[in-house]
Structure formats: structure tokens, C-alpha cells
Amino acid sequence: MTRDEELKRRWELLTGKLSERFADGDILELDAIIYLVGVQELQQLNRKFKKDEKVNLMHIAICRLLEPFGYYEFDFYDDDGWPHYTLKEELPSLKAGEQSVLMKEALVQYFLEKKYID
């Protein structure tokens, strides 16, 4: 199986499982899954988030997801428990489709590490 086919298989498995759990079977989009990672990383599960906090959750998720690729490095938790990251390497200039593939790869890797998918 090629790398692209494996990514596609794992992505479909991941979106299926998450959609069943969080969206009553409606397929979650990439941004929604990134948001879920942000909530998971913050570990403040039983609360509602304001609009600006939701944006920050997406940022946390992107930093965490791209950390294994060498773009970000975890720095510290602030007094409110929010993780902060340092940019280690500028992200390459990617087209929208390439960004999507990078984030799908990062999400699949994240959920493989968490043993949510195999």
C-alpha cells in the first residue's frame, strides 16, 4: 500500500470514529478535528469556550500537531493551564491542498500516538 493510500485509509478511519463519537455520524471536517485536539490538549473538557478561546484552541492544536515535524516546540503552561509553544522553523509556503495533506498527516500521527486508531 502506498503512503497516500495508507494516509487515506487512516484518515477515513479517524474521521469515521470521531464523527460517530462527536457528530452523530455527520462527517467532521478538518477544522473540527483540529478543534477537538485543542480541547484535548488543554484538558479543560467540561466548560464552554468563548470565540477568542476557540481560536486559541485551534492554535494550540496546530502547534501540538506540527511539533513532531519540527516546526514548534512546547515551551510552558501559563497560570490558566494553557500550553504555549515556540516557533522553531517557519512553515513552508504551501498551497491549500498541500496544507490539508500536511494537517491530515499530522492528525493521523497524533491519533496513532494516542492509540485511538491503528
Practice problem: Indicate the atoms forming the closest heavy-atom contact of M103 with I34, along with that distance. | Solution: CE-CD1, 4.0 Å
Quiz item: In this structure, are over 12 heavy atoms from other groups packed under 6.0 Å from Q43 atom CD?
Solution: yes
Quiz item: What distance do L28 atom CG and F22 atom CZ have between them, rounded to the nearest 0.5 Å?
Solution: 8.5 Å
Practice problem: May I ask you to check whether over 12 heavy atoms, not counting those of E29, lie within 6.0 Å of atom CD? | Solution: no
Quiz item: For L57 and W82, what are the C-alpha separation, side-chain angles and deciding distance, and is it a side-chain contact (heavy atoms from CB on, under 4.5 Å)?
Solution: CA-CA 9 Å; L57 286 169; W82 288 73; 4.0 Å; yes
Quiz item: Atom CG of L66 and atom CD of E89: how far apart are they, to the nearest 0.5 Å?
Solution: 11.0 Å
Practice problem: Can you sort out the partners of R64 under salt bridge (Lys or Arg N to Asp or Glu O under 4.0 Å), two or more places apart, ordered by chain and number? | Solution: E41, E113
Quiz prompt | Nearest non-hydrogen partners of L30 and S100, listed with the distance | solution = CD2-OG, 4.0 Å
Self-check item: Within 6.0 Å of NZ in K17, more than 12 heavy atoms from elsewhere
Solution: yes
Quiz item: Transitively linked via ILVMFWY side-chain contacts under 4.5 Å: I62 with L94?
Solution: yes
Quiz item: If you count the non-hydrogen atoms of other residues, nucleotides and ligands that lie under 6.0 Å from CZ in R3, is the total more than 12?
Solution: no
Quiz prompt | W11/L107 under side-chain contact (heavy atoms from CB on, under 4.5 Å): CA gap, chis, key distance, verdict | solution = CA-CA 8 Å; W11 179 250; L107 282 159; 3.8 Å; yes
Quiz item: Are more than 12 heavy atoms from other residues, nucleotides or ligands located less than 6.0 Å from atom CG of D52?
Solution: yes
Quiz item: When rounded to the nearest 0.5 angstrom, what distance separates SG in C63 from NE2 in H84?
Solution: 10.5 Å
Quiz item: Which heavy atom of K50 sits nearest a heavy atom of E53, and at what distance?
Solution: N-OE1, 2.9 Å
Practice problem: Look only at the side chain of Q44 and the backbone of D80, and say whether a donor-acceptor pair between them is shorter than 3.5 Å. | Solution: yes
Practice problem: Rounded to the nearest 0.5 Å, what's the gap from CZ on R10 to CD1 on I117? Could you check? | Solution: 6.5 Å
Quiz item: Less than 4.5 Å apart, any side-chain heavy atom of M58 and any of V55?
Solution: no
Quiz item: Is it the case that more than 12 heavy atoms not belonging to D78 sit under 6.0 Å from its CG atom?
Solution: yes
Quiz item: Is the distance between the ring centroids of Y77 and F74 less than 6.0 Å?
Solution: yes
Self-check item: Residue pair G38 / A61: nearest heavy atoms and the distance that separates them
Solution: N-CB, 3.5 Å
Exercise. Give a yes or no on this: more than 12 heavy atoms of other residues, nucleotides or ligands lie within 6.0 Å of atom CZ of R9.
Key: yes
Quiz item: Can you tell me how far the CD atom of Q40 sits from the NZ atom of K114, to the nearest 0.5 Å?
Solution: 6.0 Å
Practice problem: Quick one: closest heavy-atom pair of P83 and L42, and the distance? | Solution: CD-CD1, 4.0 Å
Quiz item: Would F76 and T86 satisfy side-chain contact (heavy atoms from CB on, under 4.5 Å), going step by step from the backbone distance to the final call?
Solution: CA-CA 9 Å; F76 67 96; T86 302; over 6 Å; no
Exercise. Rounded to the nearest 0.5 Å, what's the gap from NZ on K104 to CD on E12? Could you check?
Key: 9.0 Å
Quiz item: Please, which pairs that meet ring-ring contact (aromatic ring centres under 6.0 Å, His included) have at least one residue in residues 98-118, sequence neighbours excluded?
Solution: F111-Y116
Quiz prompt | Common cluster, I27/V101, ILVMFWY with side-chain heavy-atom separation under 4.5 Å | solution = no
Quiz item: Would K88 and Y71 count as a side-chain contact (heavy atoms from CB on, under 4.5 Å) if you check the C-alpha gap in whole Å, the side-chain angles of each, and the deciding distance to 0.1 Å?
Solution: CA-CA 5 Å; K88 287 180 59 180; Y71 295 112; over 6 Å; no
